[in-house]
Amino acid sequence: MRILFMGTPDFARANLQALCDKGMEVVGVVTPQDKPKGRGLTLTPCDVKKYALEKGLPVYQPLTLKDGAFLDTLKELDPELIVVVAYGKILPKYVLDYPKYGCINGHASILPEYRGAAPIQRAIIDGKTETGVSIQRMDIGIDTGDVICVEKVTIEPSDDFEAVHDKLAVASSKGLLKAVQLLSDGKATYTPQGDEFTYAEKITKDDCYIDFNGAVNDVHNRIRGLSPIPLSFTRTADGKVLKIVKAHISDKSANGKIGEVVFLDSSIHVKCKDGVIALDIIVPEGKGRMNARDLINGRKIAVGDILG
RNA sequence: CGCGGGGUAGAGCAGCUCGGUUAGCUCGUCGGGCUCAUAACCCGGAGGUCAGGAGGUUCAAAUCCCCUCCCCGCAA
């Protein structure tokens with residue numbers, strides 16, 4: 001089956017890799033334009049493009065799919081199936097209709113929950129203990145397609161975004177291969193999503209701000225849901241940003257003010273509304289990541305300091 | 001030329017603004033002591049080409065000037 005792959009980040013890369021490893025016939029890879037990234041704003045290709053180049057797959061980077069220019073590419077490659085994973089652009093109807101087997105998408109949630117941009121992070125932040133990947137037959141809406149199959153994964157209490165992301169990448173690859181098999185066998189079934197759905201909005205800076213005046217569980221969920229990227233943060237008394245990579249719920253109890261550093265051992269224990277959160281790994285502004293212990297040894301923080 | 005922080009013992013930092021005796025702190029580490037015991041406490045030790053340039057200024061530079069290399073945060 002002639003497959004055209006469309007995707008952008010590492011999550012998509014894992015899926016593309018799975019298809020290739022399985023020996024699927026990937027006739028082309030579509031990714032967005034390279035963007036200026038990092039220090040110095042150097043033009044950087046996305047993970048999917050890097051991988052495609054390594055494998056010698058033809059890469060296409062159309063500015064837009066909206067005008068018919070992309071149609072020429074489609075005709076040239078003549079895919080029988082388009083696989084889309086975290087591509088970032090909406091596919092126009094003419095693209096959806098082109099392939100014989102349609103367009104399928106791997107979305108990192110159990111649809112119709114968490115449609116949209118940041119399903120993994122939102123699920124963790126919300127304290128979910130289970131999520132998954134849905135392979136859907138794409139339609140005009142955003143993640144509104146009929147579901148072909150679902151692969152579930154468990155979210156452990158200690159899992160952060162990266163851990164769940166990696167589990168889902170595996171699950172997604174598995175689901176995708178299964179879906180492709182079903183399609184080629186003509187055995188695919190399509191389950192409509194129903195009317196009750198939720199959206200997983202894109203993560204903004206506001207989402208990253210830690211509110212210690214909340215339940216310690218929520219604080220913890222937010223920290224792990226956003227780690228190791230983009231990372232949640234708080235501020236020191238002098239306004240410096242302190243990003244939190246890892247934390248755990250402390251067994252200490254304390255009377256301090258909200259956001260007050262109440263205890264120091266190898267972690268920084270901070271008072272929340274109904275408990276204490278212990279910060280383990282930190283990224284101070286202008287610095288790299290370090291253990292809380294190191295920050296304490298450098299005399300940068302003390303009991304009584306107020307964070308937030 | 002996007003903005004900014006930084007490279008000082010194994011780790012995190014101070015010292016540099018206003019150059020000057022043995023480069024300091026919190027840890028770790030090693031040895032000893034106290035203790036029923038300890039990641040606690042006490043005593044002592046080892047460990048540093050102060051990123052690099054047989055650069056510049058100076059009687060004297062970790063500290064001032066110049067060049068190079070490397071690391072990181074933000075923003076995208």
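Chain letters run A, B, ... following the sequence lines, proteins first and then strands; every chain starts at 1. Please read these numbers as outputs of a predicted model, since none were measured by experiment.
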Send over the distance from [X] [atom1] to [N] [atom2], rounded to a whole Å.
X      : N     : atom1 : atom2 : answer
A:D265 : B:C27 : CG    : C1'   : 14 Å
A:N291 : B:U26 : CG    : C1'   : 15 Å
A:I301 : B:U26 : CD1   : P     : 19 Å
A:L231 : B:C74 : CG    : C1'   : 13 Å

(request) Go through the steps to decide whether A:T144 and A:F197 satisfy the test side chain to side chain contact (heavy atoms under 4.5 Å, CB included), and finish with yes or no. (result) CA-CA 9 Å; A:T144 52; A:F197 63 89; over 6 Å; no

(message) Counting primed atoms plus P, OP1 and OP2 as sugar-phosphate and everything else as base, spell out the protein contacts along nucleotides 1-14 of chain B at 4.0 Å heavy-atom distance: B, S or - for each nucleotide, 5' to 3'.
(response) -BBBB-----SBSS

Donor-acceptor pair, [X] side chain versus [Y] backbone, under 3.5 Å?
X      : Y      : value
A:D159 : A:E156 : yes
A:K240 : A:R235 : no
A:T42  : A:G40  : no
A:D274 : A:V216 : yes

Pairing nucleotide - [N], Watson-Crick or G-U, each distance under 3.5 Å:
N     : result
B:A46 : none
B:G4  : B:C72
B:G28 : none
B:U38 : none
B:A62 : none

Same-atom distance ([atom1]) from [N] to [M], integer angstrom:
N     : M     : atom1 : value
B:A76 : B:G7  : P     : 27 Å
B:G53 : B:A62 : C1'   : 16 Å
B:U26 : B:U68 : P     : 39 Å
B:C43 : B:C27 : P     : 13 Å
B:C72 : B:C59 : C1'   : 39 Å
B:G32 : B:A60 : C1'   : 41 Å
B:U8  : B:C1  : C1'   : 31 Å
B:C66 : B:U17 : P     : 15 Å

Looking at residues at least two apart in the chain, or sitting in another chain, which of them share a ring-ring contact (aromatic ring centres under 6.0 Å, His included) with [X]?
X      : result
A:F11  : A:H165
A:F70  : none
A:H269 : A:F263
A:Y94  : none

(request) Give, ordered by number, those residues of residues 235-245 of chain A having at least one heavy-atom distance below 4.0 Å to an atom of RNA chain B; if nothing qualifies, reply none. (result) A:K243

(message) Check for me whether the distance between the ring centres of A:Y199 and A:Y114 falls short of 6.0 Å.
(response) no

